[in-house]
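For reference, the structure is listed below as structure tokens.
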Amino acid sequence: MENIGNIIQFQLYSTMMHPDPGRLPVVYEEWEDMARKTLEDGPYYYIAGGAGGEQTMKANLRAFEKWQIVPRMLRDVEIRDLSVNLFGNKFPYPILHAPIGVQSIIHPDGETASAKACAALGVPYIASSASTVPMEKLAELMGDAPKWFQLYWSRDPDITASFLRRAEDCGYSAIVVTLDTPMMAWREFDLKNVYLPFLAGEGVGNYFTDPAFLSKLERNPKEAPEAAIMHWTKVFGNAGLTWNDIAFLRKHTSLPLILKGILHPEDAKLAIKHGADGIIVSNHGGRQVDGAIGALHALPKICDVVQDKIPILMDSGIRRGSDIIKAMALGAKAVLVGRPAMYGLAAAGEQGVKEVLRNMVADLDITLGLAGQRDVKQLDLSILYKTS
Ligand code: FNR
């Protein structure tokens, strides 16, 4: 059987014989250009921008340029395997959709479109706490398709416990706990544009349907939206948390707990010590600590201390198939795709997300084969060269 990369590649070339006037981009930068043309400054910079002077956003991409693939020849790469096993499940590709909130600001279908696109491809969708569409609705439309829930750990323990309960009840199979956002970062463009979508009632779908959140309001959000939003600003984050609080999450869910935002090897050790089932090496796409280490640079040392005790995933800077190969060769079991999917969503809704992810899979498949590799699970440092 032909591999997915060859099939998609041929489909794309075949429009030479049967031109398709509505053909969507293939080049990552063109998706971003299309998103830029579609969106007002506020929503565009909310997606494309980062914290501070955007040093870390740039460092994420530069880190991938530091590593180069050294292809091998004559190794029979006719049949390739892109599948990975994570937390007892087999997924067709080493790609997950990163948790991304407030997607309603870039397309009217918002998270609904992304979740459907992922379900169609078998790519696990990580639903954000900050979704405009509540988690139950996304779970329902995804049916049996793989889905995880991302927790923003609220200052109000009742809300945190309630989110965990709801996620488990409606069929999410893992919890991603985002540790790097106990508060909003200093984002210069959002401040310049005076743009924080939550204040306009976007991205609060899980809160405004949550019994614990609602029980603390005097009037319901439909009657008094501003008071509800103000309450949200008070309970969203919690900068007072410590490692010992992980026990609270463990007590309230039996699902695997995957800690997102780990960059320091000592934190990776603490994650294991406190019972994490997995970690995600990530700097939130350069949206939290400006000047933070490029996520790919953080990966090798973390893999050294973790020693395969728990799976390590990574995100922040994944743009193309070769990036996935580099991340996996350095020890990641899978990667999360963030902004590329969002540019697809802004430009062309569900179809846009589908094409961005599908093309990335195709690029990965072909690049893997051309690098002389058959199985993403077998990738290791032996195929990488670090430039100085
Ligand atoms: C994010 N990210 C994020 N992470 C998270 O845990 N919960 C969330 O709600 C969001 N929301 C969000 C919104 C937008 C607009 C972006 C761009 C990102 C971070 C996301 O999961 C991931 O870590 C980054 O997107 C990775 O960086 P790149 O590869 O997209 O640059």
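Just the heavy atoms: all of them, side chains too, but no hydrogens, waters or symmetry mates, feed the values below. Remember, it's 1-based here, ligands and their atoms both numbered in the order they're listed.
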Could you identify the single nearest non-hydrogen protein atom to [atom] and state the distance to 0.1 Å?
atom                    : result
atom 8 (C) of ligand 1  : Tyr152 OH, 3.0 Å
atom 25 (O) of ligand 1 : Gly338 CA, 3.7 Å
atom 9 (O) of ligand 1  : Ser128 OG, 2.7 Å
atom 11 (N) of ligand 1 : Gly101 N, 3.2 Å
atom 23 (O) of ligand 1 : Asp315 OD2, 2.8 Å
atom 13 (C) of ligand 1 : Ile100 CG2, 3.5 Å
atom 15 (C) of ligand 1 : Arg287 NH2, 3.6 Å

Kindly say whether the aromatic ring centers of [X] and [Y] come within a distance under 6.0 Å.
X      : Y      : answer
Trp148 : Phe87  : yes
Trp232 : Phe198 : yes
Tyr45  : Tyr195 : no
Phe163 : Tyr207 : yes

Have a look at ligand 1 and work out which part of [X], if any, has a heavy atom under 4.0 Å from it: side chain, backbone, both or neither.
X      : answer
Thr178 : side chain
Met57  : neither
Met342 : neither

Output yes when the distance from some N or O of ligand 1 to some N or O of Gly317 is under 3.5 Å, and no in every other case. yes
Regarding ligand 1, does Arg339 bring an N or O atom to under 3.5 Å of one of the ligand's N or O atoms?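 Yes; at least one N/O pair falls below 3.5 Å.
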Heavy-atom closest pair, residues Arg155 and Ala239: NH2-N, 4.4 Å
If you take all heavy atoms of Leu214 and Thr209, which pair is closest and at what distance?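 Looks like CD1-C, 4.2 Å.
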Please say yes or no: joined through hydrophobic side-chain contacts below 4.5 Å, possibly via intermediate residues, are Val235 and Phe248 part of one cluster? yes
Establish whether Leu259 and Leu241 are linked, either directly or via other cluster members, by ILVMFWY side-chain heavy-atom contacts under 4.5 Å. yes
Shortest heavy-atom approach to [atom] - which of [options]:
atom                    : options                       : value
atom 19 (C) of ligand 1 : Gln288, His284, Gln150, His97 : His284
atom 3 (C) of ligand 1  : Pro99, Ser131, Ala130         : Pro99
atom 27 (O) of ligand 1 : Ala295, Ala127, Gly285, Ala98 : Gly285

Using a 4.0 Å cut-off to any heavy atom of [X], which atoms of ligand 1 qualify?
X      : answer
Ile47  : 15 (C), 17 (C)
Arg319 : 28 (P), 29 (O), 31 (O)
Ser282 : 23 (O)
Lys260 : 4 (N), 5 (C), 6 (O), 19 (C), 20 (C), 21 (O), 22 (C), 23 (O)

Determine whether any heavy atom of Gln103 lies closer than 4.0 Å to an atom of ligand 1.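 It does not; every heavy atom stays at 4.0 Å or beyond.
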Sub-4.0 Å heavy-atom contact, Leu336 with ligand 1: no
Is there a donor-acceptor contact under 3.5 Å linking the side chains of [X] and [Y]?
X      : Y      : answer
Asp180 : Asn283 : no
Arg80  : Asn6   : yes
His284 : Ser316 : no

Is a donor on one side and an acceptor on the other found under 3.5 Å between the side chain of Asn206 and the backbone of Ser129?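 Answer holds: yes.
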For the residue pair Arg287 and Tyr46, would you count it as a cation-pi contact if the rule is NZ or CZ under 6.0 angstrom from the ring centre and within 45 degrees of the ring axis?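 Cation-pi check for Arg287 and Tyr46: passes.
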